[in-house]
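Right, one structure below, let's go through it.
Note on naming: letters A, B, ... go to the chains in the order of the sequence lines (proteins, then strands), and numbering restarts at 1 for each one.
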Amino acid sequence: MLVGDTLARWVYENEPTKFAAIELVPKTSDDVPETLGGYLNDDGTVSGGIPIPGLASILSDPSNWTDTVIQGLDSFPEDERPDTSEVNTVHLAWDVMVGLGTLLFLLSAWYGAVWLFKRRLPASKWFLRIAAISGVLSVIAMEAGWVVTEVGRQPWIVVGEMKVTEAATNNDGVWVTFVVIAALYAAVAVTLVLILRAMSRRFRERGGSGDGDDTDAPYGPRGPLDTPDTPLAEVPS
Amino acid sequence: MPEVIAVVLFIGIAAYALFGGADFGAGFWDLVAGGAEKGNRPRAVVDHSIGPVWEANHVWLVFILVVLWTAFSEVFSSVMLTLFVPLSLAALGIVLRGSSFAFRKEVFRTSSRRNFGAAFAISSVLVPFCMGAVAGAIASGRVPKGGVAGDTWDSWINPTSILGGVLAVAVCAYLAAVYMVWDAKRFGDDGMVEYFRRRAIGAAVVTGAVAAVGIWVLYDDARYVFDGLTSRALPLVIISAICGLGSIALLMRANHRGARLLAAGAVVAVIGGWGVAQWPYMLPESLKVTQAAAPDATLWTVLVVFVVAAIVILPSLGLLYVLDQKSLVEIEETSPPS
């Protein structure tokens, strides 16, 4: 959270266009609310979302409190800032990243609190459910972060120096290459899932026997799995 | 300064050829090992030999690309725009190769193993061919300067590129066979020592023959490089030939360790020879190394990063290779082939 806060302030100071997209700020002003959700319309108004008064200004520079001025999208030429749909993508991705980050932080806090007071794992099924998907959530949060930084940079590839259209190849065959690469990665991904499932099936079927008749298959069952005698949820406090 | 970075670039190319090349070559021997029954033992050696260093050697490719685009960005964009077909094929082959090799270990049915094995082995031949074709395109002056695209097809389907591709595949197979003689020995399979020893000698002879024919191809199709190879790069050509012949002689006398060193020497000398032959050009006869280079500040940064990376990465890579050679990184206890 500390790192995120520091980096967001760095963006505020160095990439004001991206910051305006992140915070959904159409017009330069002070006392800017932190809008959760919501979207930008083509006419430069913001619809929906839950505004928290003044918070974006406070976070951008706490020393000036709500007087901190945030540059709005209108202070940049139209061809040097992200368009409406890009702004909405950036803002949504930002909300997803910060939201998931906060959720994961609360999950750790939950674990920490239970450990501190009861010296055991949280017994709640909901803790285990969220913990089980927390790996996926952290990847989604990371990808959302990439969307923020890359889409928020549009239309530049090197901010202030070179636009994406200037950098992109003018060769034919971009689509062919793209489709072939996407197809190959999709095939590899599907194969990976199938193989992981087959490995898991082997573990289930023969995991306990340790008969060692598949020594030829690495990562196959080798012997009894080292499982605890008592399921975690029933560990006595 | 540009000269120093060009040498750094060629060090990367030589390392990729020596280490990555051996990986690709192992795939070549996997491909020609025959049916499931007959090919079982050689394939076990291949698995055993490249498993522990699986995909590690592509760091050299990443290194080459990064140095090229940072220090010689005009050359990078010309090469990428002109040669995107063989380069994309190579990239796809690398992905397919790495994943198939890993997947093959996890499946049981012979038919699935055969499919993954084929994907692994065919892409192992495709990738070095494409890389060699790219080198041929550059050497024969078919990549224009100025960060613009040359001909999409003729640039890499031409005599020098085909020579480069075939030579690259032959060199990979040669290196891999020489390395795997030793691997089979560590693996304790004397039959396979003999198997790969014979193939190493065969591959050495074929590689030499391709190189000899190649001289005439270059005379016709890449005159500048031919002139370079027969003048300022001649010492390197001679060293390469001596090393190659020496490695054959040592293989015949079953001095496997010496054969390894000489084989590596032969390959490094050929790559160095290519660089010296097209000197002072980065893209022969249109763009000189000094013209293509980035400003000094950038080159110094690249050099510093290279030195730091060398200090940080080389010991760990070295340790990986040493442990691998001493059979201390066992991914899995594989039962010896029966």
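No more than 12 heavy atoms of other residues, nucleotides or ligands shown are found within 6.0 angstrom of CG on A/Asp42. Enclosure of atom CZ in A/Arg129 by more than 12 non-hydrogen atoms of other residues, nucleotides or ligands within 6.0 angstrom is indicated. Within a 6.0 Å radius of CD in A/Glu13, other residues, nucleotides and ligands contribute more than 12 heavy atoms.
Side-chain contact between B/Phe116 and A/Ile195 is present, with heavy atoms from C-beta onward closer than 4.5 Å.
Interface remark: of the candidates A/Thr169, A/Val188, A/Val176, A/Val188 forms the most heavy-atom pairs closer than 4.5 Å to chain B.
For A/Leu196, no part lies under 4.5 angstrom from a heavy atom of chain B. For A/Ile181, the parts lying near chain B are the backbone and the side chain together; criterion is any non-hydrogen pair under 4.5 Å.
Taking OG of B/Ser99 as the start and OH of A/Tyr185 as the end, the distance is 8.5 Å to the nearest 0.5 Å. Between the CG atom of B/Asn115 and the OG1 atom of A/Thr191 there is a distance of 10.5 Å, given to the nearest 0.5 Å.
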